[in-house]
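The shown structure was predicted, so the numbers you read here are calculated from the model rather than taken from an experiment. Each chain gets a letter, A, B and so on, in the order the sequences are listed, and its residues count up from 1.
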Number of protein chains: 2
Amino acid sequence: MKILLVEDDRLLAHEIARALREENFAVDIAANGEDGQHLGETESYDAAVLDLGLPKVPGVEVLRGWRKHGRDLPVLILTARDGWTDKVDGFKAGADDYLTKPFRIEELIMRLRALVRRASGHAAPRISCGPLSFETQTGVFELDGLHLKLTALEWRVLECLILRKDTVVERGVLSEKVYEGDVGTDSNSIEVIVARLRRKVGKALIETERGRGYKLNSGSR
Amino acid sequence: MKILLVEDDRLLAHEIARALREENFAVDIAANGEDGQHLGETESYDAAVLDLGLPKVPGVEVLRGWRKHGRDLPVLILTARDGWTDKVDGFKAGADDYLTKPFRIEELIMRLRALVRRASGHAAPRISCGPLSFETQTGVFELDGLHLKLTALEWRVLECLILRKDTVVERGVLSEKVYEGDVGTDSNSIEVIVARLRRKVGKALIETERGRGYKLNSGSR
DNA sequence: GCGCCCAAGCTTAACTCAACCTGAACGGAA
DNA sequence: TTCCGTTCAGGTTGAGTTAAGCTTGGGCGC
């Protein structure tokens, strides 16, 4: 867990760093806006603590710069003044939280922990299978990196297959998953959907196991 | 954008709810811990505001209950007492932020917006999508740089879509987030709102995924 | 091994109906 | 009054189903 601390007050900076390290955070200190800007853009941190009252480059500008460069780390800003506009500007620039000086160091730690916890929950698990990949959070399929457009039923079938890739999914299981209620199985609609899917994702991907069902096979064998 | 407000003080609750609704949030109010617990577990909210000083079931227990049930919505806790241990307990139970009473309602809104923005995976304070852009901290939409005037419902729908741009937002999810309380699903009002939105932002932006829902697509793919 | 036969699966095309769109009108709230 | 949200009706579209003919594969008798 690595934190970037941008704070010009040497004394305060070291006090904060000491406390954070005691809690097993790794801390880099930047004593001014320029260094902070640069470090935030080049290194990889789990979160940043940013003093808004910096000399030369104002803290808000540092934050704005990070965001412009696509840095999406959680940022907690510190403000000496109790000024309302400061906080508003900070939030508008993309801050996630703020603290007004003076503050208890335990509070800083707690808020940092909360930020990191929430930010880390955003890893989007992906399943890929040959040229096909599936983002479980958004339900988006991609083929060779290109967005794959599917109808509702095609999507359900393909999801069902990719969640069990490399294993046979029986016909019955498929129609159960695809048609929520139980269905009379005397129909070839599943076959039709599979055929259409094959035309979209390529014949080789979906293998049929005669008498049992279908299997999505990753080219690994 | 739907918020759960758990607050036993009727007056305060309605004041907060009014202010939030003025900012186009949909708000459900729970007047006690039990109701709050239940609503938070069964309904789907984008964030919760939780008073820690509740009668009967303490606020921290409510929060702990949600987390135990796997509800990971962002939670902002309110604490009347200036007590340190309250906040610590709150954070330990999985809170994301807190405010000490009394507070400015604008600050509550700022923090809520920051929480929601972060939870939706966006670090930058501005989301753009084709000619459309959205300022997360102020809730302002712009089309080609010009301020876009929307009604409350139009705003909620469009916000919901832009926060999940390029992914399909299901009809059900949409009406959940847009309407307060429970939802009757047999109505085409969402369709009508979408049609009106299309007339305002252009047809191409809002794509309909038949059988699933709607998608806001940044032409990039 | 060879070939026949039948069941299982594939594919195309047409049809049907639910999902969706939209203009208009109504009713309630500010 | 005006504005906003909802409902309704009529029209449009396209996804899903069906059915029919074709292909494939494996079992079995020779």
Only residue of Arg117(A), Arg67(A), Arg111(A) satisfying salt bridge (charged side-chain N to carboxylate O under 4.0 Å, His left out) with Asp96(A) is Arg67(A)
Once you apply a heavy-atom cut-off of 4.0 Å, does Ser189(A) come out as touching a base, just sugar-phosphate, or nothing? base
Cationic N near anionic O, under 4.0 Å, Arg118(A) to Asp46(A): no
Does Ser187(B) put a side-chain nitrogen or oxygen below 4.0 Å from OP1 or OP2 of dT7(D)? yes
Please lay out, stage by stage, how Lys177(B) and Ser44(B) fare under the test side chain to side chain donor-acceptor pair (under 3.5 Å). CA-CA 8 Å; Lys177(B) 301 286 181 190; Ser44(B) 155; 3.1 Å; yes
From NE2 (His38(B)) to CG (Asp35(B)), nearest 0.5 Å: 9.0 Å
Round to a whole Å and report the spacing from CD1 of Ile193(A) to P of dC10(C). 13 Å
Rounded to whole Å, how long is the line connecting atom CZ of Arg21(B) with atom P of dA29(C)? 14 Å
Winner on side-chain proximity to Lys203(B), out of dC10(C), dT18(D), dC21(C), is dC21(C)
Between dT17(D) and Tyr179(A), is there an OP1 or OP2 to side-chain N/O distance shorter than 4.0 Å? yes
Find which nucleotide of DNA chain D each of Leu150(B) and Val192(B) is nearest to by heavy atoms, and output the residue with the more 5' nucleotide. Leu150(B)
Are any of the side-chain nitrogens in Lys200(B) or Glu154(B) under 4.0 Å away from the carboxylate oxygens of its partner? yes
Has Thr151(A) got a side-chain N or O lying under 4.0 Å from the OP1 or OP2 atom of dG14(D)? no
Carboxylate-amine/guanidinium contact Glu159(A) Arg164(A), below 4.0 Å: no
Between Gly213(B) and Arg212(A), which is nearer to the 5' end of DNA chain C once each is assigned its nearest nucleotide? Arg212(A)
Using only side-chain N and O atoms of Arg171(B), determine if any of them is under 4.0 Å from OP1 or OP2 of dC20(C). yes
Would one find a side-chain N or O of Tyr214(A) under 4.0 angstrom from OP1 or OP2 of dC10(C)? yes
Just call it for Val194(A): base, sugar-phosphate, or nothing, with non-hydrogen atoms closer than 4.0 Å on any strand. nothing
Can you give me the N/O atom pairs linking the protein to nucleotides 16-18 of chain C at distances under 3.5 Å, or say none if there are none?
none

Below the 4.0 Å mark, does dT12(C) have OP1 or OP2 next to a side-chain nitrogen or oxygen of Arg199(A)? yes
Using a 4.0 Å heavy-atom cut-off across all strands, classify Lys149(B) as base, sugar-phosphate, or nothing. nothing
For Lys87(B) and Tyr98(B), which I'm curious about, is there any donor-acceptor pair between the side chains at under 3.5 Å? yes
Closest approach to the side chain of Arg198(A), judged atom by atom: which nucleotide of dC21(C), dC10(C), dG5(D) is it? dC10(C)
